[in-house]
Colleague: 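First the structure, which I've put down as structure tokens, then a few questions once you've had a look.
Values in this document were obtained by computation on a predicted structure and should not be read as measured data. Every chain is numbered from 1, with letters handed out A, B, ... down the list of sequences.
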2 protein chains.
Amino acid sequence: MTEPTENNPFAQSFDSLETLAETINEVLGCPVTIEDAGHRLLAYSAHDPHTDSARLATIVGRRVPENVIASLRRDGVIQRLADSLEPIRVPAIDEVGFSGRLAIAIRHKDAVLGYLWLLESGKTLGGRELALFKQAARAAADKMVRLQSARRKSREGLRDFMWMLLHGQFGSEAPIRDKAEQLGLALPAEWHVVVVQAAGAIDERAEQRLLDRVSASRSVRPVLHAVDRAQAILLCAPQLAGADRRAYAREAQAFFARLARGEEDGVPAAVGSSAFGQSYAETPARHREALAVLQTKRLFPRETERAFYYPDLGYYRFLPAIAAQSRAEVFRNESLVRLRAYDREHDANLLSTLATFLAHDSNAKTAAEALHVHSNTLSYRLKRIAEIGGIDLTDMDQKVSLYLALKAERLATDQKG
Amino acid sequence: MTEPTENNPFAQSFDSLETLAETINEVLGCPVTIEDAGHRLLAYSAHDPHTDSARLATIVGRRVPENVIASLRRDGVIQRLADSLEPIRVPAIDEVGFSGRLAIAIRHKDAVLGYLWLLESGKTLGGRELALFKQAARAAADKMVRLQSARRKSREGLRDFMWMLLHGQFGSEAPIRDKAEQLGLALPAEWHVVVVQAAGAIDERAEQRLLDRVSASRSVRPVLHAVDRAQAILLCAPQLAGADRRAYAREAQAFFARLARGEEDGVPAAVGSSAFGQSYAETPARHREALAVLQTKRLFPRETERAFYYPDLGYYRFLPAIAAQSRAEVFRNESLVRLRAYDREHDANLLSTLATFLAHDSNAKTAAEALHVHSNTLSYRLKRIAEIGGIDLTDMDQKVSLYLALKAERLATDQKG
DNA sequence: GGGCGCTTTGTGAAATCGCACAAAGTCACC
DNA sequence: GGTGACTTTGTGCGATTTCACAAAGCGCCC
């Protein structure tokens, strides 16, 4: 079954698909392109300057342009390639800048892994050359299978590493560095954990799309990643190692804000990031920070609309601890209890008025506007609030106490309900 | 040695010193007073209306008036009583309203436990009656020793109970109720734990003085108590069982405030109280609350000057948790870091200006006055603070974040230093 | 010593606030 | 159905605050 080795220049182990492409180019004297099944560019021969605009666009865009694919599909070329084990001569399609090609599907066990294209620049290949071309396709299939398996292994290794980091299974920094080196992974000096919360479970395709989008940001590099149901967990670092932290932080925030709003070629999703970390032994803490951002944004969407990094949460990051302590205590804030009782008995809005007033920085004008009441109404209510609740609304300590109590109550009720 | 029973009407077990006093009165036909060694009234016969003003004052004040004691001491009466085993006839001292008395020291093993006084109204006792008087003194000594031992036992039982409560050694409410019943102690429905912090270690005498003062408040009843070095720990409840909680809380606060300022016949001391509790199984938590009040008052004396009950601490009670979480986090508040750096480099006061401004409820006028600067100076500094720190000083959330961060920093530095 | 940036203080106009007062609506209670 | 307490909205005015601008002081660097 196998061809004799002496006649087959492709019966060797190639470093990469690039090397194979160059070898095909040398053997057959024509520009060569290797694509995967999704028409993404995998490799191409660079030596030959003769090329058409379709190939140029493919190389620049790392993918066959949509209109070229559409034309080939319309003409039945893709179908014929899928059906045939032999090379097919594809005629030119001038509208899309596609000059004629010799093409063959790269196959492995009935599945099409990709396509091998050859631009017959000027000449026409004969029978022996066609056989060589077929052998080249077989070599490409071989290499692609190997690469895929290597990539899968490497991906699995990195994924396992990420989970071990997230679960804090290393204890100290040294074994983390060792493991990273073993995986051939350069650990950046500064990094942060980003969690992207999708609407539903994230599959491998969606994860890959997300990673591609992040990489395409040109500033954020996803160093490691993992998926936990609807959450993608990314360990991110500056794309450029020497970049200014502040500048990077701004860019990353801007990028993930666009991503969250669905402006990055995807659906809107909630996004939260940890603070920047140096020690990788603290990955679990950073992960919790990113989750805390998500949780806080869920509970206080308006207040934390612009928050992305954990430190941006400000005092909101203390709320869980505050709420927990409040829950453990036997008493409730007397002022709030009284105001709530008054609201209940008189069908009033003192509590929400107080909350709005405080949230608007004790500014009577804006608070009245937000409540859609006359500023005198607010003034009157505040006087009642001060009376009934025994509150001095010019005392920062009292106001902060009330403000935090209100926030903690909201956290408590929202978490229960 | 012992006198024959048939001749000794005091050779029986008396219910109390009061019964003994009444019996002496019946046997000898004169008003009787029994005092302890400190001239505090222990018992007196009530049947006979003939009495002098010194005795009257003693009964009303539960103690022999100072001037009477001074006179007796000056005249060597006390000394003679201490030296003699026999009754002594004390002449009248008209200046202090003291008519003549028959007196004898109540002794036990060389120690004087107290004094027995007899007002010979009109008549003069003879030899047999003097012997009876001596027997009465011996009966008083006997009763006092028994009482003292019973009291000591009961006191020790209560002290042990208090410590068991404070250490949470009961687990649930039922065994606490059982133990209290066994000790003959009625547990009030609502109570609070008060900790009084003295300058130095509290001995038994000081503890007793404190308890007397609290009892004398007429509103606060110390139900149980314990001493831990310089801290007296009191479990207090309303003196009147049915009293209004609010009213009691106010009175207790007022009383302990006076006590703290040293206005209650003692040295100034720090005082803190827990919230009100119902479940005695939560005594340790209430104790911690009272200690938290003391600790907070130590760290933030000005801000918590008027706080007494734990709930009065407001958000200050969250500060330890906030400071602990901040300490665990890798980042510091960026705004404060930048402001501190600016202050250091330019010898400025932006940080303290911000702190003062926030503490004065964002009131430019009062904050400027507190800082001793022109209000425009403050305004200028605030503009700089907003610029350098990237702060919006009209945003309640940002202000609260900064305020808490400043407080937590202060807590952290004060606890370290 | 002069320039420059930062800071403080002073001044005045504009905006805002606090508050008194009035009118009218709501609701519970007699 | 009237009464009175509570609430909302409106008007107006004096006090206060805010803000922009100017002047001057201070310290640093060339």
Colleague: Does the pair B:E305/B:R302 count as a salt bridge with the N-to-O cut at 4.0 Å?
Modeller: no
Colleague: For DNA chain C, what residues of residues 370-384 of chain B have any heavy atom nearer than 4.0 Å?
Modeller: B:V373, B:H374, B:N376, B:T377, B:Y380, B:R381, B:R384
Colleague: Are B:F331 and A:Y310, when compared by the centres of their aromatic rings, separated by less than 6.0 Å?
Modeller: yes
Colleague: At 4.0 Å (heavy atoms only), tell me whether B:A348 reaches a base, stays on the sugar-phosphate, or touches nothing.
Modeller: nothing
Colleague: Let's go through A:R381 and A:V373 carefully: what are the C-alpha distance in whole Å and the side-chain angles of both, what is the deciding distance for side-chain contact (heavy atoms from CB on, under 4.5 Å) to 0.1 Å, and is it a yes or a no?
Modeller: CA-CA 11 Å; A:R381 287 192 193 166; A:V373 297; 3.9 Å; yes
Colleague: I need the A:K399 NZ to B:M396 CE distance, nearest 0.5 Å.
Modeller: 6.0 Å
Colleague: Find the distance between CG (A:D397) and CG (A:L402) and round it off to the nearest 0.5 Å.
Modeller: 11.0 Å
Colleague: Check whether any side-chain N or O of B:R338 sits under 3.5 Å from a backbone N or O of B:I388 as a donor-acceptor pair, and report yes or no.
Modeller: yes
Colleague: Hey, what are the protein-to-nucleotides 14-16 of chain C N/O distances that come in under 3.5 Å?
Modeller:
none

Colleague: Does CG belonging to B:D347 count more than 12 external heavy atoms closer than 6.0 Å?
Modeller: no
Colleague: In whole angstrom, give the distance that lies between atom CG of A:L393 and atom P of C:dC19.
Modeller: 12 Å
Colleague: Reading DNA chain D 5' to 3', which nucleotide is the first, and which the last, to come under 4.0 Å of any heavy atom in chain B?
Modeller: D:dT17 to D:dA20
Colleague: Indicate whether the side chain of B:R298 and that of B:Q295 have a donor and an acceptor atom separated by less than 3.5 Å.
Modeller: yes
Colleague: In terms of side-chain geometry, is the basic nitrogen of B:K383 or B:E387 positioned less than 4.0 Å from the acidic oxygen of its partner?
Modeller: no
Colleague: I'd like to know if the side chain of A:T304 reaches the main chain of A:A307, judged simply by a donor and an acceptor atom lying under 3.5 Å from each other, with no hydrogens or angles considered.
Modeller: no
Colleague: Can you pull the ring pair (Phe, Tyr, Trp, His ring centres under 6.0 Å) pairs that have at least one residue in residues 353-383 of chain A, sequence neighbours excluded?
Modeller: none
Colleague: Taking five pairs at each end, how big is the angle between the two axes of the helix from C:dG1-D:dC30 to C:dC30-D:dG1, to 10°?
Modeller: 30°
Colleague: Donor-acceptor pairs under 3.5 Å, side chain of residues 273-280 of chain B to any protein atom, not counting sequence neighbours: which ones?
Modeller:
from   : atom 1 : to     : atom 2 : distance (Å)
B:S273 : OG     : B:H192 : ND1    : 2.8
B:S274 : OG     : B:V193 : N      : 2.9
B:Q278 : NE2    : B:E190 : OE2    : 2.8
B:S279 : OG     : B:E173 : OE1    : 3.2
B:S279 : OG     : B:A281 : N      : 3.2
B:Y280 : OH     : B:P188 : O      : 2.6

Colleague: Kindly say whether the aromatic ring centers of B:F256 and B:F308 come within a distance under 6.0 Å.
Modeller: yes
